Amino acid sequence: MAEITLQVNGVENALSVDTRTSLLDLLREHLGLTGTKKGCDHGQCGACTVLIDGRRSNACLALAVACDGTRITTVEGLADDGALHPLQAAFLDLDAFQCGYCTPGQLCSAAGMLSEPGPSAVTDDLTTDPPLTPGEIRERMNGNLCRCGAYVSIVAAIEEVSR
């Protein structure tokens, strides 16, 4: 067992955890934050995406002990004092989900992506920070799968918020 401290969605948490516990399991089973989903448990689907110190990360691959002292934001922490995050509102307005299983990971990944400047693999000019075109958004969100195929609306919602 290890003693760790995490700030999750703005709340400081001192926890005693098994050193083998993933961040995903800690969030869901120890803290009751079930918005973050367990999809593949191998880091391939993105359903478990959260923000660790503002950067998107697969919670299923992160050991909780390695996150000691970090700031974690889950989908529950995106809203601000009961007001939806602009991405959450855009996802609702543009029907950017169907079953909703991947939505928390999509939202956290999009929130992280919007704060990550610089080119991607599809950027023509690597010396600039390109505009977030649908092609750029698709490339930057490629680690988040939607089994229902709501990609068109997901990209549209992210593009709307990025303007």
Side-chain angles (χ1 to χ4, degrees), residues 6-11 13 15 17-18 20-64 66-67 70-116 120-122 131-163:
L6 301 173
Q7 185 185 90
V8 181
N9 299 330
V11 177
N13 294 277
L15 302 154
V17 296
D18 185 307
R20 300 167 294 180
T21 303
S22 71
L23 177 59
L24 174 61
D25 289 340
L26 177 127
L27 293 169
R28 293 183 59 81
E29 297 169 16
H30 296 258
L31 298 178
L33 297 170
T34 57
T36 305
K37 302 298 185 222
K38 185 177 278 201
C40 65
D41 218 17
H42 296 290
Q44 297 173 341
C45 73
C48 67
T49 304
V50 297
L51 301 174
I52 301 176
D53 288 334
R55 296 190 52 94
R56 46 195 173 151
S57 181
N58 290 334
C60 72
L61 297 180
L63 288 173
C67 297
T70 62
R71 212 174 12 91
I72 310 294
T73 304
T74 68
V75 69
E76 293 94 342
L78 290 178
D80 187 25
D81 241 1
L84 292 178
H85 185 281
L87 282 165
Q88 292 170 314
F91 268 57
L92 287 171
D93 291 344
L94 296 170
D95 293 324
F97 56 91
Q98 287 181 31
C99 79
Y101 197 82
C102 73
T103 305
Q106 297 276 1
L107 286 164
C108 285
S109 187
M113 181 207 59
L114 289 174
S115 67
E116 296 169 1
S120 75
V122 299
L132 288 178
T133 63
E136 279 287 339
I137 293 169
R138 281 192 296 275
E139 172 64 22
R140 293 168 188 234
M141 292 292 292
N142 73 11
N144 292 83
L145 302 179
C146 174
R147 289 171 178 89
C148 300
Y151 294 114
V152 172
S153 297
I154 290 168
V155 170
I158 296 168
E159 185 178 28
E160 180 178 293
V161 172
S162 73
R163 287 189 216 125

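These values consider heavy atoms only, across backbone and side chains, with no hydrogens, waters or symmetry-generated copies. Keep in mind the model is a prediction, meaning the values are calculated, not measured.
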For [X] and [Y], work out which heavy atoms get closest and say how close.
X	Y	value
Tyr101	Ala47	CE2-CB, 4.4 Å
Ala64	Leu26	CB-CD1, 3.9 Å
Ala96	Ala157	CB-CB, 4.2 Å
Glu76	Gly35	OE2-N, 2.8 Å
Cys48	Cys60	SG-N, 3.4 Å
Pro131	Glu136	O-CG, 3.5 Å

Please identify each residue that fulfils side chain to side chain contact (heavy atoms under 4.5 Å, CB included) with Asp18, with sequence neighbours left out. Met1, Arg20, Thr21
Once side chain to side chain contact (heavy atoms under 4.5 Å, CB included) is applied, do any residues pair with Ile52, and if so which ones, sequence neighbours excluded? Leu23, Val50, Ser57, Ala62, Cys67, Thr70, Ile72
Identify every side-chain donor-acceptor pair in residues 77-92 under 3.5 Å, counting partners at least two apart or on other chains, and give the distances.
unit_1	atom_1	unit_2	atom_2	d
His85	ND1	Leu87	N	2.9
Gln88	OE1	His85	N	2.8

Do Leu114 and Ser162 come close enough that some side-chain heavy atom pair is under 4.5 Å? yes
Could you list all the side chain to side chain donor-acceptor pair (under 3.5 Å) pairs where at least one residue sits in residues 144-158, not counting sequence neighbours? Thr49-Asn144, Ser109-Asn144
For residues 35-47, which residue pairs qualify under side chain to side chain donor-acceptor pair (under 3.5 Å), counting only residues two or more places apart or in two chains?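 Matches after skipping sequence neighbours: Asp25-Lys38.
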For residues 43-62, pull every pair meeting salt bridge (charged side-chain N to carboxylate O under 4.0 Å, His left out), keeping only residues two or more places apart or in separate chains. Arg56-Glu116
Distance (rounded to the nearest 0.5 Å) between Leu132 CG and Met113 CE: 5.0 Å
